[in-house]
Colleague: 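Here it is, the structure, as structure tokens.
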2 protein chains.
Amino acid sequence: MVENTYPPKEKTDRRIQRTRHLLREALISLIKEKNYEEITVQDITERANVNRSTFYLHFKDKDELLYKSMVEVYDALAETMLANKKEQTGGLNLDHLSDAADFQHVADHAEFYKVILSEKGVASFVVRVRKYLARVFTEHILEMGVGSAPRFPLEAVGHFLAGAEIGLISWWLENGKKQSPEEMARMMLDMCAFGTYWALGVPASPQEEAEKSEG
Amino acid sequence: MVENTYPPKEKTDRRIQRTRHLLREALISLIKEKNYEEITVQDITERANVNRSTFYLHFKDKDELLYKSMVEVYDALAETMLANKKEQTGGLNLDHLSDAADFQHVADHAEFYKVILSEKGVASFVVRVRKYLARVFTEHILEMGVGSAPRFPLEAVGHFLAGAEIGLISWWLENGKKQSPEEMARMMLDMCAFGTYWALGVPASPQEEAEKSEG
DNA sequence: TGTATAATCAACACAGTGTTGCATTGTTAG
DNA sequence: CTAACAATGCAACACTGTGTTGATTATACA
């Protein structure tokens, strides 16, 4: 009897699991030491203690290895945010935009994100995540029902939020994750909702308050 | 007589200028077509119509070529922001944080930034710019004199702002720079000062307003 | 125009790649 | 437990790109 499941299981053999895991770990471990671009397949297989030809049985090249690792994390992120969205019950508001769930997700994959968001990291992944976040934020803003007169293009706001979140996350990871995911979510939410003047405990300058009430 | 100037002029010879310019342009042009990592020195010299060995008379490898191109832009950015800072006269406020000058700088180097911030771009440059912006923002916040009780670590706010600005810039460039630098600066400033609710023309939710006034 | 020096060209050893055929080992199903 | 077979190890291959060299040609500048 054929199982005919999708995605195909195919990973039953422990050797496959073991090899792929070793290669993945070796790559992550190497990215900590040198730029991704400088890493060779030889380096990876050497560290993984796997024959070089075996590498090619599993991956086309090192990019595919990285890509498949990324997709795994990326899918987990998407899943996290989707699940988070579904449990929303009416009364949508910006709270959702930075529910602790996404910071929790980052914490769960801290090592991966720390490496990949660093100077030694991979541009394509960061940009992809930023675009993904921007899309999610923008869609959510739409569902929230914006007021009669949004002052700026919604997409711009989405990208602003996405960039800001990545900025916060990078700072968080580089400084040893001293805050809890909940604290980080609160930071994100508060700064988005009330602005940075408020976050700093500084009153907005007079002319700006004037502009605000006139607008 | 020895000139002994610093930095050394050395670029008097037109041949040098010409060659380096050709190589730089070739690299930028190639990044538009394929990932930076896939580009070879051969590709670059071929497109620049320069002998491969000539390349090595000027640069150690393609990383150095890119790095020197980056530094040029990066220095220009730093200079822009420093000049901008100096002409501030008392009454510091967040306005400075996104004076149109930096968006103007990006506009002046639009092609470079568009490529380098894209999926095909270079992680190290983006991270470096983000960190630089975060530092500038944080320092400025300090000089501004924060209130007695900043609610979050100042560095976190700095990284939030830096990420947000990069998010906005990326969106701007990807969408064909339809806004003027001044419009972009206004977006950045307003969203930072008043928050995204305000930017969207949506009132903050009641419990948040309560939290705000209690804080 | 003369001279310094930049660019070209051909050739080199060397790194890493991607693939192959065959031997060896480990896993799983029966 | 054992047989079948799938995954891995191993050695060798052609190929591409690198970084350097020495001799030669082209050109900028004074």
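Keep in mind that the numbers below use all heavy atoms, side chains included, and drop hydrogens, waters and symmetry copies. Because the structure is a prediction, the values reported are computed rather than measured. Here is how names work: the chains are called A, B, and so on, in the same order as the sequence lines, proteins then strands, and each is numbered from 1.
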Colleague: Here's a test for you: under salt bridge (Lys or Arg N to Asp or Glu O under 4.0 Å), which of Lys60(B), Lys62(B), Lys68(B) qualifies with Glu64(B)?
Modeller: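 Result: among Lys60(B), Lys62(B), Lys68(B), Lys68(B) is the only option passing the salt bridge (Lys or Arg N to Asp or Glu O under 4.0 Å) with Glu64(B).
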Colleague: In whole angstrom, give the distance that lies between atom NE2 of His21(A) and atom C1' of dA7(D).
Modeller: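 Distance, rounded to whole Å: 18 Å.
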Colleague: Output the rounded distance in Å from CZ (Phe55(B)) to C1' (dC9(C)).
Modeller: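 Checked: the CZ to C1' distance equals 18 Å.
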Colleague: Could you state the NZ-P distance from Lys62(B) to dT18(D), rounded to the nearest angstrom?
Modeller: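 Lys62(B) atom NZ is separated from dT18(D) atom P by 8 Å.
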Colleague: Give me the residues of residues 43-52 of chain A where at least one heavy atom lies under 4.0 Å from an atom of DNA chain C, by number, or none.
Modeller: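 Per residue number, the list reads Arg52(A).
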Colleague: Please report, rounded to the nearest Å, how far the C1' atom of dT17(C) is from the CZ atom of Phe59(A).
Modeller: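 It is 17 Å, rounded to the nearest whole Å.
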Colleague: OP1 or OP2 of dT19(C) sitting under 4.0 Å from any side-chain N/O of Tyr56(A)?
Modeller: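 Checking Tyr56(A) against dT19(C): no side-chain N or O falls below 4.0 Å of OP1 or OP2.
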Colleague: Determine, step by step, whether Lys34(B) and Asp43(B) satisfy the salt bridge (charged side-chain N to carboxylate O under 4.0 Å, His left out) criterion, reporting the C-alpha distance in whole Å, the side-chain angles of both residues, the deciding distance to 0.1 Å, and the verdict.
Modeller: CA-CA 11 Å; Lys34(B) 48 178 157 180; Asp43(B) 291 336; 3.1 Å; yes
Colleague: Would you kindly give the CD-to-P distance between Gln17(A) and dA6(D), to the nearest whole Å?
Modeller: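 Checked: the CD to P distance equals 17 Å.
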Colleague: dG9(D) pairs with which nucleotide, Watson-Crick or G-U wobble, both distances below 3.5 Å?
Modeller: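 For dG9(D), the partner nucleotide comes out as dC22(C), under the 3.5 Å rule.
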Colleague: What's the CD-P distance between Gln42(B) and dT17(C), to the nearest Å?
Modeller: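 Nearest whole value for this atom pair: 17 Å.
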Colleague: Mind checking side chain to side chain contact (heavy atoms under 4.5 Å, CB included) for Val126(A) and listing every partner two or more places apart, or none if nothing turns up?
Modeller: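 Applying side chain to side chain contact (heavy atoms under 4.5 Å, CB included) to Val126(A) gives Leu117(A).
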Colleague: Regarding Asn51(B) and Tyr56(B), do their side chains bring together a donor and an acceptor under 3.5 Å, going by distance alone?
Modeller: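 No donor-acceptor contact under 3.5 Å links the two side chains.
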Colleague: Counting only Watson-Crick pairs (N1-N3 plus N6-O4 or O6-N4) and G-U wobbles (N1-O2, O6-N3), all under 3.5 Å, who is the partner of dG30(C)?
Modeller: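 When the pairing criteria are applied, dC1(D) turns out to be the nucleotide that pairs with dG30(C).
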Colleague: Look at Thr19(A) and dA7(D) and indicate whether a side-chain polar atom (N or O) is within less than 4.0 Å of OP1 or OP2.
Modeller: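 No, because none of the side-chain N or O atoms of Thr19(A) sits under 4.0 Å from OP1 or OP2 of dA7(D).
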Colleague: Tell me, please, which residues at least two apart from Arg128(B) pass side chain to side chain contact (heavy atoms under 4.5 Å, CB included).
Modeller: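 For Arg128(B) the side chain to side chain contact (heavy atoms under 4.5 Å, CB included) partners, ignoring immediate neighbours, are Glu119(A), Tyr67(B), Met70(B), Tyr74(B), Ser124(B).
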Colleague: Using whole Å, report how far CG of Asp63(A) lies from C1' of dG18(C).
Modeller: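 So the two atoms are 14 Å apart, to the nearest Å.
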Colleague: List in chain and number order the residues that pass side chain to side chain contact (heavy atoms under 4.5 Å, CB included) with His21(B), two or more places apart in sequence or in another chain; answer none if no residue qualifies.
Modeller: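 With neighbours one apart ignored, the set is Glu25(B).
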Colleague: Would you name the heavy atoms of Glu165(A) and Phe137(A) that are closest together and state the gap between them?
Modeller: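 Taking Glu165(A) first and Phe137(A) second, the nearest heavy atoms are OE1-CZ, 3.7 Å.
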Colleague: On DNA chain D, does the nearest nucleotide to Val41(B) precede the nearest nucleotide to Arg18(B) from the 5' side, or the other way round? Give the residue.
Modeller: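 Comparing both residues, the 5'-ward one is Val41(B).
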Colleague: How would you label the contact of Thr40(B) with the nucleic acid (heavy atoms, under 4.0 Å): base, sugar-phosphate, or nothing?
Modeller: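 Answer is sugar-phosphate: Thr40(B) comes under 4.0 Å of backbone atoms only.
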Colleague: Could you encode protein contacts along nucleotides 20-30 of chain C as a string, one character per nucleotide from 5' to 3', using B for base contact, S for sugar-phosphate-only contact and - for no contact, with a heavy-atom cut-off of under 4.0 Å?
Modeller: B----BBSS--
Colleague: Is the shortest heavy-atom distance from the side chain of Trp172(A) to the side chain of Phe103(A) under 4.5 Å?
Modeller: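 Heavy-atom side-chain distance check passes, below 4.5 Å.
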Colleague: Restricting to side chain to side chain contact (heavy atoms under 4.5 Å, CB included), what partner residues turn up for Ala48(B), sequence neighbours left out?
Modeller: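 So Ala48(B) forms a side chain to side chain contact (heavy atoms under 4.5 Å, CB included) with Leu22(B), Leu23(B), Ala26(B), Val50(B).
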Colleague: Any side-chain N or O of His58(A) below 4.0 angstrom from OP1/OP2 of dA7(D)?
Modeller: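 False: His58(A) side-chain N/O out of range (4.0 Å or more) of dA7(D) OP1/OP2.
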Colleague: Using O4'-C1'-N9-C4 for purines and O4'-C1'-N1-C2 for pyrimidines, with syn meaning within 90° of 0, is dA15(C) syn or anti?
Modeller: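 Base orientation: syn.
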Colleague: Testing Val122(B), Ile31(B), Leu173(B) one by one against Val115(B) for a side-chain contact (heavy atoms from CB on, under 4.5 Å), which residue passes?
Modeller: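 When side-chain contact (heavy atoms from CB on, under 4.5 Å) is applied between Val115(B) and each of Val122(B), Ile31(B), Leu173(B), only Ile31(B) qualifies.
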Colleague: Between dG18(C) atom P and Glu38(B) atom CD, what is the distance in whole Å?
Modeller: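 After rounding, the reported distance stands at 11 Å.
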